[in-house]
2 protein chains.
Amino acid sequence: MRRVTMADVAKEAGVSKSTVSQFLNKRYEHMGDETKEKIRAAIEKLGYRPNYIARSLKQKRTAMIGIIVANIMHRVSTEISRAIEDYCHEHDMHAIVCNADDDPVKERKYIEMLRARQVDGLIVFPTGENIELYKQMEKENYPIVFVDRKIDGVNVNTIVVNNKEATHQAVSHLIQKGHRKIAIVTPPLTIYPRIERVNGYKQALRDYSIKIKPEYMISTDIKNILSQLKTVFTLPEKPTALVAGNDLSFFEVMTFIKENRVCIPQDLAIVVFDNIPFANISNPTITTIAQPAYEMGKKAAELLLKQINKERVGSELYTFPCKLIIRESSSEKNIIN
Amino acid sequence: MRRVTMADVAKEAGVSKSTVSQFLNKRYEHMGDETKEKIRAAIEKLGYRPNYIARSLKQKRTAMIGIIVANIMHRVSTEISRAIEDYCHEHDMHAIVCNADDDPVKERKYIEMLRARQVDGLIVFPTGENIELYKQMEKENYPIVFVDRKIDGVNVNTIVVNNKEATHQAVSHLIQKGHRKIAIVTPPLTIYPRIERVNGYKQALRDYSIKIKPEYMISTDIKNILSQLKTVFTLPEKPTALVAGNDLSFFEVMTFIKENRVCIPQDLAIVVFDNIPFANISNPTITTIAQPAYEMGKKAAELLLKQINKERVGSELYTFPCKLIIRESSSEKNIIN
DNA sequence: GTGAAAGCGCTAACAT
DNA sequence: ATGTTAGCGCTTTCAC
């Protein structure tokens with residue numbers, strides 16, 4: 001039972017392949033109604049399904065894009081990916097998502113893999129370590145958009161959030177609520193967004209003339225966070241508020257809180273930089289700095305498709321504002337547990 | 001600047017296309033060392049990247065599979081998809097994920113789309129409404145695996161969980177803790193797993209000779225759940241325990257709880273059928289019936305790849321057991337809030 | 001050991 | 001209004 005091809009349809013309908021091709025591509029300008037009907041019937045009878053691979057080979061476009069996420073464990077990455085996929089589907093494109101797992105080697109492998117598959121463009125949450133590869137794509141004018149991290153020296157459209165300002169705003173809010181001893185917990189300061197978040201934190205303290213205490217600043221691998229938290233909370237001056245630099249750090253903080261029976265928010269106020277699902281319906285009540293994932297993803301996809309369609313190129317930096325979502329338990333005490 | 005093709009490499013290296021092809025496919029059995037080196041150098045010099053689309057056309061395989069998820073809003077669907085993708089990547093395959101959004105029309109569209117793209121096989125969380133299409137694929141012997149829902153009359157390898165038994169176990173547990181007034185909330189009973197969950201609930205009540213009260217059983221569209229919950233909780237005999245049939249129902253329940261200041265678990269014990277992220281670190285403390293998403297995804301992928309490689313076919317039903325994860329707050333009172 | 005040639009299923013000039 | 005033809009970039013017999 002051989003695969004049904006366009007030639008079979010053509011023969012069945014008594015026309016040529018090109019006519020069938022016209023039909024399939026809905027170019028029926030000069031096509032007889034009966035011809036149309038014959039082709040339609042032949043397709044139906046044979047159960048013909050077009051082969052997009054063959055078409056792609058000829059047309060040199062696959063209607064697929066690749067998304068390379070630095071680390072899919074971050075909630076916001078999956079949210080942005082989803083937004084990109086949705087936008088793509090609306091425009092008859094498909095997306096292949098790959099997880100670089102914060103590994104530049106994997107990132108490179110996936111970029112090459114996806115390009116070998118002839119994806120029409122790439123949206124990358126860059127690890128930042130493959131500068132030469134990025135530059136090469138830029139030089140080739142290959143359609144690409146960066147998300148989450150700006151890479152210096154690579155001129156590519158880039159989507160980021162206002163990490164510094166948003167953190168500044170959140171810390172200022174804590175200070176205005178009376179907090180003076182504010183800790184911050186992040187993964188290692190190896191990438192730009194994390195550095196900016198810490199910078200925003202420091203700036204806010206400075207603006208209120210509060211001394212920056214290095215012992216309140218934890219920046220270490222996820223697996224070490226728990227032990228360092230223990231150290232901080234045995235200091236004579238325990239923090240009364242804490243900023244988690246991203247969701248993964250937050251989970252460590254939560255584990256610490258649960259294990260050590262810290263009361264939220266009486267003993268400790270918490271602000272998290274990242275989208276925490278169900279933060280609004282769950283306790284402890286935590287304030288979050290939400291990234292506009294949907295808008296970011298949509299913009300990234302939009303820019304990429306424009307590049308693919310040669311409508312524009314450019315290499316601008318698009319900075320999206322985060323939203324501080326303040327949740328304070330106030331009157332909710334003793335409702336839950 | 002034309003794209004570099006294999007012919008260019010061949011010319012540059014002073015060999016023929018077929019030799020280059022051999023080289024790329026690592027078939028160097030009878031290949032001179034100097035030939036190898038010449039080709040390697042030419043590839044490097046020209047920056048050649050193979051075109052997998054052309055290869056796919058010739059080989060009639062794309063090393064891609066499609067995943068069609070009934071509704072990506074369910075946490076467990078994304079977990080299973082992730083597991084499938086991981087398994088695929090380990091086997092040099094890629095996956096394209098599509099969200100049917102519980103819409104049979106979209107499901108059909110995606111199935112046809114993915115097959116036109118020549119994916120080597122499909123993993124489908126079936127809506128259940130495209131029986132003819134499923135049967136056709138079965139007849140064509142097209143590699144396919146169903147996940148989450150068994151479709152009667154379609155003989156395809158299928159991965160499900162023990163919905164009925166797991167719910168039975170959870171409800172039994174509630175009864176053993178002294179509950180007699182147990183409600184259940186699910187989306188409409190249109191698909192098999194939901195029906196089975198309700199059946200497990202009923203069976204458990206029967207086993208303990210507890211009367212089944214229709215007024216405790218809410219099965220309605222997500223958007224109506226809230227209002228029906230209000231009705232239930234104004235009954236003279238309020239439930240003391242509640243089973244949420246899936247994660248989306250649970251979120252509605254949580255909203256209700258928050259709005260109406262119901263105390264968990266004093267006023268109401270809650271069990272959720274589904275994987276709720278952070279259930280372990282968050283309050284209120286809820287018991288969950290966890291589906292083994294990783295194992296399910298892995299098995300689905302494994303079965304599909306075997307079909308693709310013609311190692312086996314079969315159309316078995318694989319039932320995975322869920323795990324009841326009991327979380328009771330006990331001594332944790334007043335630690336949080 | 002390496003090359004020549006045919007062909008995968010489709011599209012797009014160009015002819016008619 | 002439809003047909004002819006020449007590829008797209010690769011793999012794969014089968015010769016040499």
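To find a chain, count down the sequence lines: A is the first, B the second, and so on, and within it residues start at 1.
Y142(B) pairs by the ring pair (Phe, Tyr, Trp, His ring centres under 6.0 Å) definition with nothing, not counting sequence neighbours. Partners of F146(A) by ring pair (Phe, Tyr, Trp, His ring centres under 6.0 Å), not counting sequence neighbours, listed by chain and number: Y134(A). With sequence neighbours excluded, no residue forms a salt bridge (Lys or Arg N to Asp or Glu O under 4.0 Å) with D92(B). Partners of Y294(A) by ring pair (Phe, Tyr, Trp, His ring centres under 6.0 Å), not counting sequence neighbours: none found. Not counting sequence neighbours, the partners of E12(A) by the salt bridge (Lys or Arg N to Asp or Glu O under 4.0 Å) test are K45(A). Scanning for salt bridge (Lys or Arg N to Asp or Glu O under 4.0 Å) contacts around D152(A) gives an empty result, with sequence neighbours left out. Under the side chain to side chain contact (heavy atoms under 4.5 Å, CB included) criterion, P50(B) pairs with Y48(B), Y52(B), sequence neighbours left out. Residues passing the salt bridge (Lys or Arg N to Asp or Glu O under 4.0 Å) test with K298(B), sequence neighbours excluded: none. Residues passing the ring pair (Phe, Tyr, Trp, His ring centres under 6.0 Å) test with H74(B), sequence neighbours excluded: none.
End-to-end axis angle for the helix from dG1(C)-dC16(D) to dT16(C)-dA1(D), using five pairs per end and rounding to 10°, comes out at 40°.
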Kindly determine whether K11(B) and D8(B) satisfy salt bridge (Lys or Arg N to Asp or Glu O under 4.0 Å), including the steps that lead there. CA-CA 5 Å; K11(B) 192 194 282 177; D8(B) 302 321; 5.5 Å; no
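Using a 4.0 Å heavy-atom criterion, one finds that T35(A) contacts the sugar-phosphate atoms exclusively. Residue contacts shown for Y48(A) are limited to sugar-phosphate atoms, with no base heavy atom under 4.0 Å away. Residue Y28(B) is out of contact with every strand shown, counting any heavy-atom pair closer than 4.0 Å. Across all strands, M31(B) comes closer than 4.0 Å only to sugar-phosphate atoms, never to a base (heavy-atom distances).
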Taking N or O atoms only and anything under 3.5 Å, show me the protein contacts with nucleotides 3-7 of chain D, one pair per line.
| from | atom 1 | to | atom 2 | distance (Å) |
| --- | --- | --- | --- | --- |
| dG3(D) | OP2 | S16(A) | N | 2.6 |
| dG3(D) | OP2 | S16(A) | OG | 3.3 |
| dG3(D) | OP2 | T19(A) | OG1 | 2.8 |
| dG3(D) | N7 | S18(A) | OG | 3.3 |
| dT4(D) | O4 | S18(A) | OG | 2.8 |
| dG7(D) | N2 | K58(A) | NZ | 3.4 |
| dG7(D) | N3 | K58(A) | NZ | 3.4 |

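Considering only side-chain N and O atoms, N25(B) lies under 4.0 angstrom from the phosphate OP1 or OP2 of dT11(D).
Reading DNA chain C from its 5' end, the first and the last nucleotide to sit under 4.0 Å from a heavy atom of chain B are dG1(C) to dG9(C).
Counting heavy atoms of neighbouring residues, nucleotides and ligands inside a 6.0 Å radius, atom CD of E44(A) does not exceed 12 of them.
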